[in-house]
Amino acid sequence: MTNAAPTMKPWIEAMHAYVPGKAKADGVPVVAKLSSNENPWGPSPMAVAAMQAVLAEGHRYPDPASTALRAALGAKYGVDPAHIICGTGSDEILHMIASAFAGPGDEIIHVRHGFAVYEGATRRVGATPVVVPDVDYTADVGAVLAAVTPATRIIYLANPNNPTGTLLPAADIRRLIAGLPTNVILVLDCAYAEFVEGDYEDGLALAQTLPNLIVTRTFSKIHGLAAQRIGWAVAPLAIIAALDRVRGPFNVTTTGQAAAVASLADDAHIDMVRSETIRLREWLAGEIASLGNAGLRAIPSAANFILVEFPEDGPITAAACNEWLLEHGIICRYLAVQNMPRTLRISIGTETETRTVAAALRDFVEGAA
Ligand SMILES: *Cc1c(COP(=O)(O)O)cnc(C)c1O
């Protein structure tokens, strides 16, 4: 017998819990929540109807294989459904990949300004995170390849990237794939693929032919179904078989599967979200550029948000701007939690929300100057 307390594994002790985007502005009514890259127009009405239609089935477990959803995804994207796996958000898939392919002593690479979940997925399995420097908030393919060692198991790379919004052109992605040993998995996280215009390698065809490429996608962003937690991935069959061993058996809810299938059929809604997001993103980037002599810089974005870099000190800092916005009920993502204290990430909202945040940024800059 011992009175000792249970002890965490040392690699869990080295982690901290995920810090989500703020949902409340203390004591002030929320005017615009622009902190989590959600689609502000919400899901397709067809997806809402599809969820309502299955609510009375709530006593039955969901289809464990997400069969109809995988078939619908396969038809839409020209992918064999056998190469598709669904997850409780793509977050679950990112975690499954680490559980199946890495552990203590293994290295997992992500870039300096990468998605916060990658470090958590790495540490949770006891693997060692290897962080590769960026060039001006953009992944550097040469540096990523140079970081590969015999201990490397996985590389997590988001394209477009979050929280920076930056995009690697197709040639860079192909150069990365071509330079990797085939036993190193490249996880191409394409959560924002639908917002990209022009030159883009979505990886969906390659992930069916190469032995070591996994592409992850989500219904949380353009489809406006973040609350339902639906992600999917395309991968080689041997990797699908490994992921199927570690995934939760009933990991996608019945409402989630139904909503996703319906949303895939509503092109008009998705096209509206895409075109409005891109239009407002470019408009907001222009507004921020017009404040340029205050030292603000909008990093060019291919996603549904903009990363804004502020001067390091003086009256106009990201921290002071974040406080100002919160006082006015506008919630953005201040990235000090990610060791980026000079930056604020602003999700694209509706026209009203986007104009509101632009006006508030201008008021802040003019008031501080
Ligand atoms: C939002 C996001 C996801 C999606 O997460 P879900 O679990 O599907 O909601 C994945 N990767 C990146 C880079 C993201 O920004």
Distance-minimising heavy-atom pair for Ile173 and Leu157: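 Taking Ile173 first and Leu157 second, the nearest heavy atoms are CD1-CD2, 4.1 Å.
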Scan side-chain atoms only and decide if [X] and [Y] contain a donor-acceptor pair under the 3.5 Å cut-off.
X: Thr164; Y: Thr166; answer: yes
X: Glu353; Y: Thr356; answer: no
X: Tyr192; Y: Asn37; answer: yes
X: Thr88; Y: Asn251; answer: no
X: Arg112; Y: Asn339; answer: no

Flag the pair [X] and [Y] as a salt bridge only when some basic side-chain nitrogen lies within less than 4.0 angstrom of an acidic carboxylate oxygen.
X: Glu92; Y: Arg247; answer: no
X: Asp63; Y: Arg70; answer: no
X: Arg279; Y: Glu351; answer: yes
X: Lys33; Y: Glu38; answer: yes
X: Glu287; Y: Arg362; answer: yes
X: Lys9; Y: Glu13; answer: no

Taking it one step at a time, do Glu194 and Arg217 satisfy salt bridge (Lys or Arg N to Asp or Glu O under 4.0 Å)? CA-CA 10 Å; Glu194 295 89 347; Arg217 301 280 292 255; 3.2 Å; yes
Sorted by chain and number, sequence neighbours left out, side-chain hydrogen bond (donor to acceptor under 3.5 Å, both in side chains) with Thr253 holds for Thr255
Hey, are the side chains of Arg153 and Ile185 touching, using non-hydrogen atoms and a 4.5 Å cut-off?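 Heavy-atom side-chain distance check fails, nothing below 4.5 Å.
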Quick one: does NZ or CZ of Arg345 land under 6.0 Å from the six-membered ring centre of Phe305, within 45 degrees of the ring axis? yes
Parallel, tilted or perpendicular, judged at 30° and 60°: which one describes the rings of Phe115 and Tyr118?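 Ring orientation, 0 to 90° scale: perpendicular.
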Between NE2 of His113 and CG of Leu335, what distance do you get to the nearest 0.5 Å? 9.5 Å
Any pair counted as side-chain hydrogen bond (donor to acceptor under 3.5 Å, both in side chains), so long as it reaches residues 297-311, sequence neighbours left out: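 Sorted pair list: Asp136-Arg297, Tyr137-Glu309, Arg297-Glu309.
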